[in-house]
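What follows is one structure encoded as structure tokens, with my remarks underneath.
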Amino acid sequence: MQDFGAAFALAFELIASFDADLTEIVGLSLEVSLAATLIACAIGMPLGALLAIARFRGRGAVLVGVNALMGLPPVVVGLLVYLALSRAGPLGVFGLLYTPTAMIIAQLILITPIVIALSCQALEDLHREYAEQFRSLCLSRGQVVAALVRDGRMSLLTVGLAGFGRAIAEVGAVIIVGGNIDHLTRVMTTAIALETSKGDLAMALALGIVLLAIALGVNGLVLSARSVTRDAAHA
Amino acid sequence: MQDFGAAFALAFELIASFDADLTEIVGLSLEVSLAATLIACAIGMPLGALLAIARFRGRGAVLVGVNALMGLPPVVVGLLVYLALSRAGPLGVFGLLYTPTAMIIAQLILITPIVIALSCQALEDLHREYAEQFRSLCLSRGQVVAALVRDGRMSLLTVGLAGFGRAIAEVGAVIIVGGNIDHLTRVMTTAIALETSKGDLAMALALGIVLLAIALGVNGLVLSARSVTRDAAHA
Amino acid sequence: MRDHAQPPPAWAGVEARAGFRITGLRLSAGGRALIDGIDLAVEGRGITVVMGPNGAGKSLLLKLMHGLIAPDEGQVLWAGEPAGEATRRRQALVFQKPVLLRRSVAQNIDFVLATRQRRDRTRRDALLREVGLAERAGQPARLLSGGEQQRLALARALATEPEVMFLDEPTASLDPASVQAIEEIVRAVSAEGMKIVFVTHDAGQARRLADDIVFLHRGRVAEHTPAERFMADPVSEPARAYLAGRLYL
Amino acid sequence: MRDHAQPPPAWAGVEARAGFRITGLRLSAGGRALIDGIDLAVEGRGITVVMGPNGAGKSLLLKLMHGLIAPDEGQVLWAGEPAGEATRRRQALVFQKPVLLRRSVAQNIDFVLATRQRRDRTRRDALLREVGLAERAGQPARLLSGGEQQRLALARALATEPEVMFLDEPTASLDPASVQAIEEIVRAVSAEGMKIVFVTHDAGQARRLADDIVFLHRGRVAEHTPAERFMADPVSEPARAYLAGRLYL
Amino acid sequence: LQSTTSTANSGLYDHLLPGFEAENGITVHVVAVGTGQAIRNARNCDGDVLLVHAKATEELFVSEGYGVARQNVMFNDFIVVGPKADPAGVGGMTDAGRALTRIAEARALFASRGDDSGTHQKERALWRQTEVDTEAASGRWYRETGSGMGATLNTAVGMGAYTLTDRATWISFRNKGDFRVLVEGDDDLFNQYGVIQVNPAKCPSVNASAGKAFVDWILSPKGQAAIAEYRVGGEQLFFPNAGPERDTGS
Ligand SMILES: Nc1ncnc2c1ncn2[C@@H]1O[C@H](COP(=O)(O)OP(=O)(O)OP(=O)(O)O)[C@@H](O)[C@H]1O
Ligand SMILES: Nc1ncnc2c1ncn2[C@@H]1O[C@H](COP(=O)(O)OP(=O)(O)OP(=O)(O)O)[C@@H](O)[C@H]1O
Ligand SMILES: [Mg+2]
Ligand SMILES: [Mg+2]
């Protein structure tokens, strides 16, 4: 299909020409998704570890809940945030709707459950290995969580990347709370959606290729950082 | 905000009334996403295991690639499948566009990388533990992969659920290749998007609640199945 | 586990308070009685050696005494307190299979020192020297040799300065010299008043270390006697058979 | 690792083809020489016991001979073939720390039998009886006691019917009776022609089993002599010190 | 500015706004969504001005006090587009109603927005003139995409279905495939855009002055001229018709 060729040509053109609008959009995409991912990890990884170690009645239910929330539809999250931030909404006074902050909030809600569920899984084995030793040492939950997150950081990297992937690729939520306003809240995915609705598939694909290039860059950086510190992991 | 109350009321009304249209949509959602998830697991988990055990030049690059593909934007996937399946496209002859099959294909492309990356991470520790023993036994790669997937099945459950969550919540791809055609390819997420664009937020939220209820159901089933076989896991 | 607040039962005599008082202890799994009714009183000082065939329940008994696992029936009292978090905090257990953190040798010591708010380089280095791992300080603990790992685990236990130290076959894979060194350490700390509960299959080692010997068989205490007595002529048939190397589970 | 196809080097004499011929073996990690230049010729039959202090390199040497890890320098030839997949397939190694699958005891045996296309209940049960684990067949292998785990690992190795069996301190945490039983098994299979390379810290055991003894010290072969000679009066100072329990790494 | 997608996608604002912003030093943020959603957002006071094309709903919006007043801004027209093959043979027809009937009789695929947008409301109005029961046909030859104009056009092109679109979107649409304009020129296909300033009385939070400035400007000769100037591929997309009721529609 000619679109493919056109798309690639266009993509490289865009990247090469270092188009101002594009860089602006790319910048915002990274800003929003990285912020959301970092916050989600800061919140979700300790919670995931806690879920991996805690043994309480209803733990099963919580696990099911968290896992189910991985299926939270972006559009719904978008709506909830919209209703909360809309000028008529409870938090309307802050006037956050149609700002990058609103987009970060939406993505945060979207990926935090993913980070929790995956962290819990990633740390379960390590916990099973350490548990008796830690109980013998009478460590507090906080101490156990800290130790697990530290020694399990290599596995947690993948978890973080999964969260980032979900965030950077997501469109349903950000387009509702961001509004895809040019020069203000337009990110890669919303731009792609726009080009698609204009029927400019080549441009949409080109942007998609650029987005993937970005994802590749971020993952490359993170994982190479990982392999460097690998040895220190004392696997 | 009045919408919340309205939404919940409406959601229960919908579920209670066992609305015919709704059940049709719910059915299709489950059909498409479950199919995509199962196929993705069948393909992705062995590949993930293989990636966890294989040591070849460029493995790092492959890992980066797979992890990056977790950030594949649904809209882009939708476009690619659209171009491939559209009447003018290479596979146009099969007339798959705007059929559930097309939606399954799109979701499959979307979640398989996720399943691969997460499976690889989930099985890495187990592999590190078994590796020397298996090398001593001179097991073939196939045998190692089989053993890892079998003994690591508990961790892989979460991986599968993550994939399912992504699939069932996804809208960008299915709306392009499915067309959100009433009675034909309309699923929960596309229906939610529609109600949103109509401005009927209460209905959109209600559908969102129903969708979450479904996700809860599926996760509940899977995880309870897990806890039953837990003992057999010989942790 | 019982409520720590409550006073020790009336019958708990003074000497009982000093040491361990175990009554009607039972634990079963998979329909099998692993600990099959143990009553035992262990002094609060000195070295108690636990012997018995593989699968007799030695490791489980240690975990029960340490309050790591809860019995199905019966209870363990230490210094009049039911075994649990409170007692565990003042004890240390070196597992049969050392559990080492995925960190360097030194960091494994630092970690426990930190949990006791006693982080202290010099103390750490002293401990490593004591078990002959000074040169390995920077190396990933998981890559230590079998014997080195056991020694690290011991050093880590010592770092917590416990009142009771449970040692589960701590010299199983040590070379003769290390065995001697560890035995000296054990004697020394015990002389300073630390209670030692020591599991071994080595009769010679038992003879060298033990004040009293507990012989387990099929989850029961076959006999509990002073060391000399035991070595001279064990009263129980299983113990006699064991020492003669005849007892095969 | 060398290409298996190529013919053994000319100098590889007949007796060399039968057993192991190790030349200029070196392995270092973290800037430390772990195996520091080993030349060794080991007979193709009989029981070779490897001794040496903790950290001497015994386990590493076994892995190198088994072709599990590749040396930085030098090579290992077995029956004229460079150690590698091809030779490994005809050998078995029981690790110092048994690696058991997260399955039942029986399934752990079945697994290796299956990989050798020899799945066979009766044979499996026979093996379990041999190591005294028949009653544990259905139990999760990870929940076995330390000694039981070592015995399961041995049974699993025997299941592959290897021509060479490397045993890394296989009786470290066994009770006396089990030790005797295992030693009998080892003698038996060796009598049937299976080559045994056996690591132990127990001089008595070495005396009972060894045809020849390799003594390692700091990654070097301090001496390699027939057992009687070694026990009577070891030539090397380290060995003498070791047996006297004086050598402390 | 809460706007319908058709105007936004056509690129009109990129043409208009720079002039306005330069003149008044006000930056305009365009939120382009379906008419229904746009009005909904405005009801929540999330917007200062509303520019859509669904007269009835707009007047309701105003009568409920959410808007200050509704005024015509500009118009263009709807067209029926379809594949070159034209299975129903409606090419060149000028009576939209008869064309639709013929499509229905031919059981030829027809893609409907199905999203309550201005275009969809118009389409349903057209069907109402025929005896065709689209409800019953839904899912068979009558395909409700429940999507925006662009998405619906993509779908239509993808499956070779007829569809109703506004000319502006069509002209600036890039994925035309082998599609052509088949039906046009019917008075019924008149497409009126209206502008409404969100009522500060109802929504204290709105930026009344800026909103008013925009409304005044776009209705002013200058604004109207700017609209008339906008062309894509030499074609004029929107025809200014500001003023009270010059609505010559139906
Ligand atoms: N969680 C468990 N579930 C089932 N059986 C168990 C469990 N833990 C231990 N066992 C069994 O209980 C018995 C006693 O275990 P224990 O580890 O106390 O033996 P031991 O006396 O320490 O033996 P060894 O000398 O080999 O260390 C063993 O037969 C073991 O298989
Ligand atoms: N991968 C590795 N990286 C760094 N050092 C290692 C590694 N593996 C082993 N070592 C070191 O090499 C030395 C020899 O290890 P090895 O396991 O062969 O000792 P060993 O003779 O088996 O001792 P033991 O009697 O305690 O089993 C040890 O000091 C160990 O710390
Ligand atoms: Mg034990
Ligand atoms: Mg060793």
Side-chain angles (χ1 to χ4, degrees), chain C residues 29-32 34 51-60 95-98 104 131-133 135-136 138-140 142-151 168-169 171-181 183 199-204 216-217 238 241-249, chain D residues 29-32 34 51-60 95-98 104 131-133 135-136 138-140 142-151 168-169 171-181 183 199-204 216-217 238 241-249:
Chain C
R32 186 173 144 235
L34 309 179
M51 300 183 78
N54 297 133
K58 302 181 294 298
S59 300
L60 285 177
F95 292 93
Q96 191 168 1
K97 271 193 191 168
S104 75
V131 296
L133 289 176
E135 303 156 16
R136 306 265 173 283
Q139 172 172 334
R142 303 298 199 84
L143 298 181
L144 287 176
S145 79
E148 290 168 335
Q149 292 197 11
Q150 269 191 326
R151 277 145 47 180
D168 198 345
E169 306 189 30
T171 62
S173 49
L174 295 192
D175 59 56
S178 310
V179 172
Q180 279 188 20
E183 288 180 5
V199 176
T200 183
H201 287 295
D202 178 343
L216 286 187
H217 184 222
Y242 177 90
L243 292 176
R246 282 186 283 105
L247 181 64
Y248 197 122
L249 195 73
Chain D
R32 191 173 141 234
L34 309 179
M51 300 183 79
N54 296 132
K58 303 182 295 297
S59 300
L60 285 177
F95 293 92
Q96 192 168 0
K97 272 192 192 169
S104 75
V131 297
L133 288 175
E135 302 155 19
R136 307 265 175 283
Q139 173 173 333
R142 302 299 198 86
L143 299 181
L144 288 175
S145 80
E148 291 167 337
Q149 291 197 12
Q150 269 191 326
R151 276 144 48 179
D168 198 346
E169 305 189 31
T171 61
S173 49
L174 295 192
D175 60 55
S178 310
V179 173
Q180 282 188 17
E183 289 181 4
V199 177
T200 183
H201 288 295
D202 178 344
L216 287 187
H217 184 221
Y242 176 90
L243 293 175
R246 281 186 285 105
L247 181 65
Y248 196 179
L249 195 72

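A, B, ... follow the sequence lines: proteins, then strands. Residue 1 opens every chain.
- Closest heavy-atom contact between C:Ser145 and D:Gly55: OG-N, 3.6 Å.
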Inset, instruction - Mind running side-chain hydrogen bond (donor to acceptor under 3.5 Å, both in side chains) on C:Ser178 and D:Asn54 for me, showing each step along the way? - result: CA-CA 8 Å; C:Ser178 310; D:Asn54 296 132; 3.2 Å; yes
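- Using a 4.5 Å cut-off between heavy atoms, D:Ser59 does not touch chain C at all.
- With a 4.5 Å cut-off on non-hydrogen atoms, D:Gln149 touches chain C through its side chain but not through its backbone.
- The side-chain heavy atoms of C:Arg32 and D:Gln139, taken from C-beta on, include a pair separated by under 4.5 Å.
- Taking OG1 of C:Thr171 as the start and NE2 of D:His201 as the end, the distance is 10.5 Å to the nearest 0.5 Å.
- Taking both residues in full, the closest heavy atoms of C:Ser173 and D:Glu169 are given as CB-OE1, 3.1 Å, listed atom of the first, atom of the second, then distance.
- Going from atom CG of C:Leu34 over to atom CG of D:Leu143 covers 10.0 Å, rounded to the nearest 0.5 Å.
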